[in-house]
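Report on one structure; see the data block that follows.
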Amino acid sequence: DVLVTSAEYDFVGCSKRLEVSSRCSCLLSQSGCSFGGRFYSLEDTWHPDLGEPFGVMHCVMCHCEPQRSRRGKVFGKVSCRNMKQDCPDPTCDDPVLLPGHCCKTCPKGNAQMQMCECVSEKDDDLHKSYNDRSYISSEENSDRDTDFVAVLTGVTDSWLPSSSGVARARFTLARTSLTFSITFQRMNRPSLITFLDSEGNTAFEFRVPQADTDMICGVWKNLPKSHLRQLEAEQLRVSMTTADNKKEEIQGKIIKHRALFAETFSAILTSDEVHSGMGGIAMLTLSDTENNLHFILILQGLVPHGSLKLLYRQHLLREIQANISADDSDFAEVLADLNSRELFWLSRGQLQISVETEGQNSRQISGYISGKRSCDTLQSVMSSGSALTPGKTGGVGSAVFTLHHNGSLDFQVLVAGLSSAVVGMTIEMKPRRRSKRSVLYDITADFSATEERGSGRALGSCGRVEARHIHMLLQNELFINIATAEQQESELRGQIRMLPYNGLDARQTELPVPLAGQFVSPPVRTGAAGHAWVSVDEQCHLHYEIVVNGLSKSEDTSVSAHLHGLAEIGEMDDSSTNHKRLLTGFYGQQAQGVLKDISVELLRHLDEGTAYIQVSTKMNPRGEIRGRIHVPNSCELGSRGEVVEEAEFDDLVFVRDPAELRKDPHTCFFEGEHHAHGSQWTPQYNTCFTCTCQKKTVICDPVICPALSCPHTIQPEDQCCPICDGEKLGDPEGCYFEGDQKMHAPGTTWHPFVPPFGYIKCAVCTCKGSTGEVHCEKLTCPPLTCSRPIRRNPSDCCKECPAEDTPPLEDDEMMQADGTRHCKFGNNYYQNSEHWHPRVPLVGEMKCITCWCDPAKTHIFYHVIRNKMLYKSV
């Protein structure tokens, strides 16, 4: 089924009627809608974002409407409407349009000033450098994600014997993705994890990969809105089953809990009984200033009226009376003033917590306390901009840590691009004063320099990490510092941060690639640094995650100044013919995503280790930091397999195997060739059109030429638009624009092509000489003196005052001006309502496709709407 919805867009004075059709609506395995490269759940509403230079269209509201097919399958359909017509008439003479609003309102005192101040504060916060004086704490991350927990125990209401297994599951909801880290005891490794909705039906299944650990990491992507509501209402359950002969199952309810935020130690409580069906977890944390151990117990299958004990090798250290009701299975308490021995045993994972019921048939569960475990990654990016005395050396430090059950801390540190030899490598606290550093662990002895100047690595373990330091480590309160011969105190420094798990398995097995200014060609002396994890999956899709530290703050106020960083991937060769791909633009310190349909050449360079990842900024558009990546793969034919929609990132399409393209249900067939979803090309029937494939539908837009201000123009034979006399064509130095995926000569101008919306006449892009930078800016409409201005053509950006006599358009101008009197197809013109079968070179007349020229909205197989051509494969 093809879903057709019309939407009228009106943004920045630019009116353009679009056929949303299958550009905006799609059928997915998950119920929802895909729009602009993002996934939306059913019932979601949003303002579409056209990207730079337009941004969010606040006058357009899109809605993911639930639909049901004939077979009863629920899917989403996007419908968008213009809200500007619903704006009330202002009651004042001089209404104003506030940022982020669609309707003009009457000013209220200092409301506009307050809005500007708020935006300014947000922008300043966006670019701040997270060094010791302003570091990221767990409190700052708490607003973005929501954490949940579940205690899984044996099912007791079944005729099968109950399991003695117990599991602790922690969940983090980020937008519509639910990541989970699960540890289990007293059972074999499960084979299947099932999420159950409020009615007990299966909402999602996760096949557990085989491994020799008691940790399971996974992600449930694109939760439907109904399940998000049930998650927030604590109505979802999670179940784990084994595939062995025992066929064990444990299950638990997913709940929010106030203790998750501060938890730094944990324990799983199990029973020695067979088929007990009971268990629990303990969430613990140390006080910030005192040696008090706060803890909360969550128990299942055991309602004790008895005692809670703290043990060391079966010796009783402390005992507390515990009375827990069946209505509230939580128990909170504080173990005050732990002595040095108790703190030492706590750090080594040797303290045992036990809960025991009273009476003759007493029952008991117990477990050992250790540092909190999860699938998150302890890591740090060290940069010169974050040093105690900030600098710009272009060096980088990259570190990954692993905290073990016995309190030992393994570390792998790599440094590169330093100004001189390393003389100190330490793990520290935040300094109380600039002149007084708080060094906890000196790991300089584990460092060894490499042959390359200013580079080296440290590999080792801290075997005696104190309980207080474990607590600080898991609260993002420790730092790693690199001192050199020229910078005796600090040349590189970085905060040790817990990076939340996001489903990228490369973090579990691979070290990140360091990104430094010294690796850019030519080298850049910058205070920024970073590292990246990169992997290629079985479908030959490239998964990446980038973490940066100390990116420079841009002073540029152009339309693209809000981009804090641009990440791209390419070959090490710096010639103008190398293959580069934009990954994403991002704010802050992180970027992640999936790059699909990669070219064979780029995959080969990844396999040979001659590819790079580069992060560029407005201060350094040709690269601020870069790193060389080596990802072995066997993707000789390029990316393959079904295109999977990603929620966060746009599809970037390159070459694909023709045989695989034919199998893809989203492929378009046009002029005898298959084209991948999202791809763009110039059609054979008219080289002055640009076509895109959007979910089996081909949309072809006529090239719209910008107005030239020069006195003399020429029309090159191989170009669609005239250029100013004197401009150079074919210059190897030029600009590559992602919108139309073409090279543009220095000094040339063009209207940007924004899939799936086509050419935008409200903006003009310019190739800035030999710098290779594309500068796009909105057109400024002239002031009008008339009271009722009109827009002569739907694609015109600016309105005009009506004229008494308007000369008729020549036929040659009709495609350019989006006229409504005729339609041009190939070299022929057709009258309104005229029907025909198109003729395709080398194929002849296509009798299976009917075309007609019609300015209305309806179409069947081929449609011309104000000379925007839309095809539907049959």
Side-chain angles (χ1 to χ4, degrees), residues 138 168 170 181 183 185 213-215 259-269 281-297 308-320 333-354 366-374 376-380 399-413 426-430 438-443 445-446 458 460-480 495-498:
S138 53
R168 170 240 168 81
R170 178 161 185 163
S181 304
T183 52
Q185 292 184 14
T213 70
D214 61 349
M215 177 74 73
L260 288 169
F261 169 71
E263 178 191 17
T264 51
F265 294 88
S266 63
I268 296 179
L269 282 60
I281 63 172
M283 296 180 286
L284 309 95
T285 189
L286 281 173
S287 301
D288 289 336
T289 56
E290 306 293 335
N291 292 329
N292 300 332
L293 187 64
H294 301 251
F295 66 89
I296 287 182
L297 300 179
L308 182 146
K309 301 176 181 179
L310 190 66
L311 307 170
Y312 170 68
R313 294 185 177 178
Q314 304 304 317
H315 295 289
L316 180 63
L317 301 177
R318 303 189 181 211
E319 185 173 4
I320 300 174
E333 191 54 83
V334 180
L335 298 174
D337 297 325
L338 268 64
N339 58 41
S340 58
R341 289 185 305 165
E342 290 171 333
L343 287 171
F344 176 80
W345 294 330
L346 174 64
S347 68
R348 296 296 176 272
Q350 296 174 339
L351 282 185
Q352 187 179 18
I353 190 168
S354 172
S366 63
Y368 287 92
I369 305 171
S370 66
K372 181 186 68 176
R373 300 177 60 203
S374 71
D376 301 343
T377 303
L378 272 171
Q379 53 83 49
S380 178
V400 176
F401 303 86
T402 303
L403 180 65
H404 294 284
H405 182 275
N406 62 1
S408 61
L409 181 67
D410 295 347
F411 56 84
Q412 299 181 76
V413 185
T426 52
I427 297 175
E428 306 180 356
M429 295 167 53
K430 178 181 177 181
S438 302
V439 177
L440 302 180
Y441 305 98
D442 191 332
I443 58 176
D446 296 298
S461 179
C462 297
R464 293 180 175 271
V465 181
E466 297 180 12
R468 170 66 57 189
H469 300 156
I470 293 176
H471 171 80
M472 297 178 69
L473 176 71
L474 298 177
Q475 288 284 306
N476 299 335
E477 294 177 357
L478 298 185
F479 299 82
I480 181 167
Q495 181 185 1
I496 302 175
R497 290 180 50 218
M498 187 71 78

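Computation of the quantities below employed the complete heavy-atom set of this structure, encompassing side-chain atoms and omitting hydrogens, waters and symmetry-equivalent molecules.
Checked against salt bridge (Lys or Arg N to Asp or Glu O under 4.0 Å), Lys309 has the following partners two or more places apart in sequence or in another chain: Glu356. Under the side-chain contact (heavy atoms from CB on, under 4.5 Å) criterion, Ala262 pairs with Thr285, sequence neighbours left out. Not counting sequence neighbours, the partners of Arg170 by the side chain to side chain donor-acceptor pair (under 3.5 Å) test are Asp147, Glu263. Partners of His294 under the ring-ring contact (aromatic ring centres under 6.0 Å, His included) rule, at least two apart in sequence or in another chain, do not exist in this structure. Looking at residues two or more places apart in sequence or on another chain, you find a salt bridge (Lys or Arg N to Asp or Glu O under 4.0 Å) between Asp214 and Arg373. In terms of the side chain to side chain donor-acceptor pair (under 3.5 Å) criterion, Ser266 has no residue partners (sequence neighbours excluded). Contacts of His404 classified as side chain to side chain donor-acceptor pair (under 3.5 Å), with partners at least two apart in sequence or in another chain: Asp410. Residues meeting the ring-ring contact (aromatic ring centres under 6.0 Å, His included) test with Tyr312, sequence neighbours left out: Trp345. Remark: Arg468 engages no residue in a salt bridge (Lys or Arg N to Asp or Glu O under 4.0 Å) (not counting sequence neighbours). By the salt bridge (Lys or Arg N to Asp or Glu O under 4.0 Å) test, Glu466 is found to be paired with no residue, residues two or more places apart in sequence or in another chain being considered. Every residue two or more places apart in sequence or in another chain was checked for a ring-ring contact (aromatic ring centres under 6.0 Å, His included) with Phe411, and none qualifies. Remark: Gln350 pairs with no residue by the side chain to side chain donor-acceptor pair (under 3.5 Å) rule, at least two apart or across chains.
Here the options are Glu319, Arg318, Gln352, the test is side chain to side chain contact (heavy atoms under 4.5 Å, CB included), and the partner is Leu310; only Arg318 passes.
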Q | Worked check of side-chain contact (heavy atoms from CB on, under 4.5 Å) between Leu478 and Phe401 | A | CA-CA 12 Å; Leu478 298 185; Phe401 303 86; over 6 Å; no
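Closest heavy-atom contact between Leu378 and Leu473: CD1-CD2, 3.8 Å. The two residues Leu297 and Ala282 come nearest to each other via the heavy atoms CD2-CB, 3.5 Å.
With values rounded to the nearest 0.5 angstrom, Glu477 atom CD is found 6.0 Å from His471 atom NE2. In this structure, the separation between CG on Leu403 and CG on Leu474 is 6.0 Å, given to the nearest 0.5 Å.
The six-membered or imidazole ring of Tyr441 lies near that of His469, with a centre-to-centre distance under 6.0 Å.
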